Amino acid sequence: TRSIAEGRLDTRLAVQGTDELADLSRTFNETAEALEGSVAELRRMEAGARRFAADVSHELRTPLAAMTAVTDVLDEDAAGLDDDTATAVRLISEETTKLAGLVNDLMEISRFDAGAAALHLDDIDLAESVRRTLATRGWTHTVETALPEPGTLRGRVDPRRLDVVVANLVANALRHGRPPVHLHLYGRHDPEAGGQAVVEVRDSGDGIPDSVLPHVFDRFYKSDTARVRSEGSGLGLAITTENVRLHGGTVRAGNHPDGGAVFTVVLPLRQDGAADGTRNP
C-alpha cells in the first residue's frame with residue numbers, strides 16, 4: 001500500500017494459499033492493475049491533448065501572420081472609413097491580436113511540455129532589464145518601482161525569459177488588481193542557496209480569495225466561472241511559473257498585509273554559468 005501511495009503502481013503481492021489474506025492479496029493486485037491501467041490511459045490522453053494543442057498552434061501561425069498583415073493595413077486606413085466600418089475594422093484587429101497572443105502562449109507552453117525550452121544565459125544588470133521591460137510596454141509611469149542602483153545587482157539569466165516573467169506579473173496586476181502597482185527588485189543572500197534576486201509585484205486591489213490562491217498558476221483557470229472570456233490567454237502565470245522553474249527559482253502568490261495581491265519571484269544569482277540549459281519534463 002505504501003508503494004502504491006508513492007507512485008509505484010506496478011507493485012503486486014505474491015499470493016499464496018486460499019485463506020482470507022490470499023483473497024485480500026488477489027483483490028489488492030486486481031485493484032492495483034486497474035489503477036495502473038487508468039493512470040496510463042490518463043497519461044496517454046494528456047499527451048494527446050498536448051500534441052493536439054501544439055499541432056493546432058503551429059498550423060495557425062501561417063494564416064494568423066497573413067491576417068495580422070491585413071489588419072495592419074486596415075488599421076492605417078481606418079481613419080478614412082465611415083464610423084461603422086472603422087469600428088468593425090478595429091474590432092477585427094483587436095481580436096486578431098488576442099488570437100495571435102493565445103497562439104504564441106500555446107506554442108510556448110508546448111515547448112515546456114516537450115522539454116524543449118532552453119535557457120540562453122547572459123550576465124545582465126537586472127534592474128536595467130526590468131526598466132526596459134516596463135518602458136517597452138509603456139508602463140514606466142504606470143508602475144511604481146523600487147530598484148537597486150544601476151550595476152549593483154547582476155545575475156546570469158535568460159534576458160528574454162526574465163522579460164516575460166516581469167511583463168506577465170505586471171500585466172496580471174494591472175488587469176486584475178487596482179492601481180497603483182508596485183514592483184520591488186532587490187538582492188538577498190540565503191545561507192543554503194547563496195545569492196538570490198527577488199522580484200515582488202503588488203497591486204492595490206482586493207487581493208486573491210483563499211479559494212483561488214491554490215489555482216492562480218493553473219492553466220486557463222478563471223476564478224469567476226461566469227466569465228467565459230478574458231483579456232488574456234489564461235496562460236500568462238503558467239508560463240511565468242515554467243520560466244522561473246527553468247532558472248531554478250520559485251514563484252508564489254499571496255496577499256499583502258496592507259491589501260492587494262503580491263507575487264514573489266526568487267531567482268538564483270548564477271555567476272558561473274551553472275545551468276543545464278534545458279528543462280527535462
Side-chain angles (χ1 to χ4, degrees), residues 6 108-109 111-112 115 117-134 139 143-173 177 180-204 207-208 210 212-219 235-281:
E6 292 170 358
E108 186 77 350
I109 281 290
R111 282 189 283 269
F112 284 117
L119 280 174
H120 300 285
L121 299 174
D122 194 10
D123 188 345
I124 65 171
D125 183 333
L126 300 182
E128 179 58 30
S129 176
V130 170
R131 290 188 184 94
R132 190 179 302 113
T133 296
L134 299 179
W139 293 336
V143 179
E144 298 180 359
T145 59
L147 306 177
E149 292 296 321
T152 60
L153 183 61
R154 302 188 66 85
R156 191 167 178 78
V157 301
D158 185 321
R160 184 187 74 83
R161 296 190 183 281
L162 178 61
D163 173 77
V164 170
V165 168
V166 174
N168 281 349
L169 291 180
V170 173
N172 182 75
V181 171
H182 308 271
L183 190 155
H184 187 194
L185 169 67
Y186 60 94
R188 73 182 186 191
H189 182 81
D190 184 275
E192 297 182 359
Q196 298 175 327
V198 181
V199 181
E200 292 182 354
V201 177
R202 172 193 165 201
D203 64 55
S204 301
I208 305 172
D210 291 340
V212 175
L213 268 176
H215 306 288
V216 292
F217 296 108
D218 293 351
R219 301 176 185 184
L235 293 170
L237 292 180
I239 291 173
T240 295
T241 302
E242 296 293 347
N243 277 315
V244 171
R245 287 176 180 169
L246 195 64
H247 282 86
T250 60
V251 57
R252 68 178 186 273
N255 291 311
H256 196 276
D258 296 331
V262 57
F263 288 80
T264 305
V265 172
V266 179
L267 298 175
L269 289 176
R270 295 185 182 92
Q271 297 296 340
D272 55 0
D276 61 6
T278 302
R279 172 182 176 270
N280 293 320

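Given the structure is predicted, the values throughout are model-derived calculations rather than measurements. One is the number of the first residue; the rest follow in order along the sequence.
Contact between Leu153 and Ala197 at its shortest, heavy atoms only, is CD2-CB, 4.5 Å. Minimum heavy-atom separation, Ala117 to Leu246: O-CD1, 3.8 Å. What you find for Ser204 and His182 is that their closest heavy atoms are OG-NE2, 4.1 Å. Contact between Arg219 and Ile109 at its shortest, heavy atoms only, is NH1-CG2, 3.2 Å. Of all heavy-atom pairs between His184 and Ala146, the closest is CD2-O, 3.2 Å. Contact detail for Phe263 and Ile208: the closest heavy-atom pair is CZ-CD1, 4.0 Å.
A distance of 12.5 Å separates CZ of Arg160 from OG of Ser129, quoted to the nearest 0.5 Å. Going from atom CD of Glu242 over to atom CD of Glu108 covers 9.5 Å, rounded to the nearest 0.5 Å. Put simply, CD1 on Ile239 and CZ on Phe112 are 7.0 Å apart, with the number rounded to the nearest 0.5 Å. Remark: Arg132 CZ to Leu162 CG distance equals 10.0 Å, nearest 0.5 Å. Atoms CG and CZ, on Leu269 and Arg156 in that order, are 12.5 Å from each other to the nearest 0.5 Å. To the nearest 0.5 Å, the span separating NE2 on His247 from CG on Leu119 amounts to 5.0 Å.
In this structure, the side-chain hydrogen bond (donor to acceptor under 3.5 Å, both in side chains) partners of Thr133, at least two apart in sequence or on a different chain, are Asp163. Looking at residues two or more places apart in sequence or on another chain, you find no salt bridge (charged side-chain N to carboxylate O under 4.0 Å, His left out) involving Asp125. In this structure His256 satisfies the ring-ring contact (aromatic ring centres under 6.0 Å, His included) test with no other residue, sequence neighbours excluded. Residues passing the side-chain contact (heavy atoms from CB on, under 4.5 Å) test with Thr240, sequence neighbours excluded: Val165, Asn168, Leu169, Val244. Qualifying side-chain contact (heavy atoms from CB on, under 4.5 Å) partners for Asp203, counting only residues two or more places apart in sequence or in other chains: Ala173, Val181, Ala261. Under the rule for a side-chain contact (heavy atoms from CB on, under 4.5 Å), the partners of Thr145 that lie at least two apart in sequence or sit in another chain are Leu134, Val143, Leu147, Leu183.
Using a 4.5 Å cut-off on side-chain heavy atoms (C-beta onward), Asn255 and Leu213 make contact. Between Leu126 and Ile124 there is a side-chain heavy-atom pair separated by less than 4.5 Å.
In this structure, the side chain of Arg252 does not engage the main chain of Val266 through any donor-acceptor pair within 3.5 Å.
In Asp258, the CG atom is crowded: over 12 heavy atoms of neighbouring residues, nucleotides or ligands sit closer than 6.0 Å.
Using a 4.0 Å cut-off between charged nitrogen and carboxylate oxygen, Arg188 and Glu200 do not count as a salt-bridge pair.
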